[in-house]
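The structure displayed is predicted, hence computed values, not measured ones. Throughout, protein chains are lettered first and strands after them, A, B, ... in sequence-line order, and every chain is numbered starting at 1. These numbers come from the heavy atoms of this one structure, side chains and all, not from hydrogens, waters or symmetry mates.
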Protein chains: 2
Amino acid sequence: MMAMDDIDSVIVRELQSNARQTNRELAATVGIAPSTCLERVRLLRDRGVITGYHADVSLTALGREVQALLHVQVRPLNREVIEGFKSYAAGLPEVLSVFVLAGGDDFLVHVAVPSVEGLHAFLMDRFSARREIVGFRSSVIYQHHRNRVIDPLDPAGSAR
Amino acid sequence: MMAMDDIDSVIVRELQSNARQTNRELAATVGIAPSTCLERVRLLRDRGVITGYHADVSLTALGREVQALLHVQVRPLNREVIEGFKSYAAGLPEVLSVFVLAGGDDFLVHVAVPSVEGLHAFLMDRFSARREIVGFRSSVIYQHHRNRVIDPLDPAGSAR
DNA sequence: TGATCACACCGAACTAAGTTCGGCGAATAG
DNA sequence: CTATTCGCCGAACTTAGTTCGGTGTGATCA
């Protein structure tokens, strides 16, 4: 992997904050010519540092007032069951995220539903019928803070 | 809240998939004039449906090979302690997301670190010294699937 | 039922940005 | 000291963003 210099870091940080600013604005912010900036951004995409640009949507605006985290245990623990459940969960419209975990719980599923009743209905309709699920716990989310800007860890960060 | 019609839904879905497509492309996809499309997008932002545009970055490209979920219990359970831990965790560069939860665990923290050693160092350096933390469990993430496109739930979805 | 109003959409004109490319200058290696 | 490479720049060209007046449609009310 090619090195990212300071300019690349600033570009990446800026685009994480606002992916729709113009190339000229971005160039002005980082202090290089627009043409150079365009090339830098293109390279960042080509190198796979920037993987895409996405609009963020308000879940409440879409009528999803309640979020929850569902810890799910499935059995037996083999590839078919795990992949099967993962793609099943990922395909549900209520599901925001699916984590496959090491340790006690096998999955963690982040969902957004219209209401607490909706959460109950979701669990009953979508989860209870699945035979591979041997147990789950659900935790309603009171608050969710997301760090949108991710910088390279500085050398003083966690050990390599 | 004003109603979202089908055209708005398509616009929102498209911008979630690719926030950097041109307004003309977007207009062509949804089948309206560019000027109309521009106005629609502006209204979606004004109404708070679209909250922002963000570049997605490869964590591996930034040298963070390992992700984990940390379940954290803090005591005593009062506003100062909870807010204090939340903002502390949110301010750490390794932290991607902080969930404040109902139920047994009080927090769930999503972190990305360079390595398993980095995870260990993070827990020792950043968490162990905090007096309010009375316990935590960490789960390494094997896979993470994220649904980037979130549509309004159709009427057949979870009960309201 | 017919007239009026409101509203969203459209398209043209203008402004601004994206994109390409030739050349320049600095840094490096020979 | 010279040759080479590489990234950066800026001008020119292409394309897109933005504004605004006009138009058609659907709703409201007499």
Exercise for review: Applying salt bridge (Lys or Arg N to Asp or Glu O under 4.0 Å), name anything that partners B:D125, two or more places apart in sequence or on another chain.
Suggested key: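 None.
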Check your understanding: Sequence neighbours excluded, which residues qualify as side-chain hydrogen bond (donor to acceptor under 3.5 Å, both in side chains) partners of A:H120?
Key ->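 For A:H120 there are no side-chain hydrogen bond (donor to acceptor under 3.5 Å, both in side chains) partners, ignoring immediate neighbours.
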Point to revise | All side-chain hydrogen bond (donor to acceptor under 3.5 Å, both in side chains) counterparts of B:Q16, not counting sequence neighbours | key: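 Per chain and number, B:Q16 pairs via side-chain hydrogen bond (donor to acceptor under 3.5 Å, both in side chains) with no residue.
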**Study point:** Footprint string (nucleotides 9-24 of chain C, 5' to 3'): B base within contact, S backbone only, - free, heavy atoms under 4.0 Å
**Key:** SBB-----BBBB----
Study note, to complete from the structure: A correct 5'-to-3' footprint of nucleotides 23-28 of chain D, with B, S and - meaning base, sugar-phosphate only and no protein heavy atom under 4.0 Å, is ------
Practice item. Spell out, yes or no, whether B:V134 and B:V98 are grouped together once hydrophobic residues are joined by side-chain heavy atoms under 4.5 Å, including indirect joins. Key: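 Result: no, two separate clusters.
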Review point. So, do B:H71 and A:H71 have ring centers that fall under 6.0 Å from each other?
Key: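 Centroid distance B:H71-A:H71: below 6.0 Å, so yes.
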Practice item. With the side chain counted from C-beta on, respond yes when A:Y142 and B:I82 share a heavy-atom pair under 4.5 Å apart, and no when they do not. Key: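 The answer is no, as the side chains (C-beta and beyond) never meet within the 4.5 Å cut-off.
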All N/O donor-acceptor pairs, side-chain side in residues 30-43 of chain B, below 3.5 Å, sequence neighbours left out:
| unit_1 | atom_1 | unit_2 | atom_2 | d |
| --- | --- | --- | --- | --- |
| B:E39 | OE1 | B:R42 | NE | 3.3 |
| B:E39 | OE1 | B:R42 | NH2 | 3.3 |
| B:E39 | OE2 | B:R42 | NH2 | 3.1 |
| B:R40 | NH1 | B:D5 | OD1 | 2.9 |
| B:R40 | NH1 | B:D5 | OD2 | 2.8 |
| B:R40 | NH1 | B:D8 | OD1 | 3.1 |
| B:R40 | NH2 | B:D5 | OD2 | 3.1 |
| B:R42 | NH1 | B:D46 | OD2 | 2.9 |

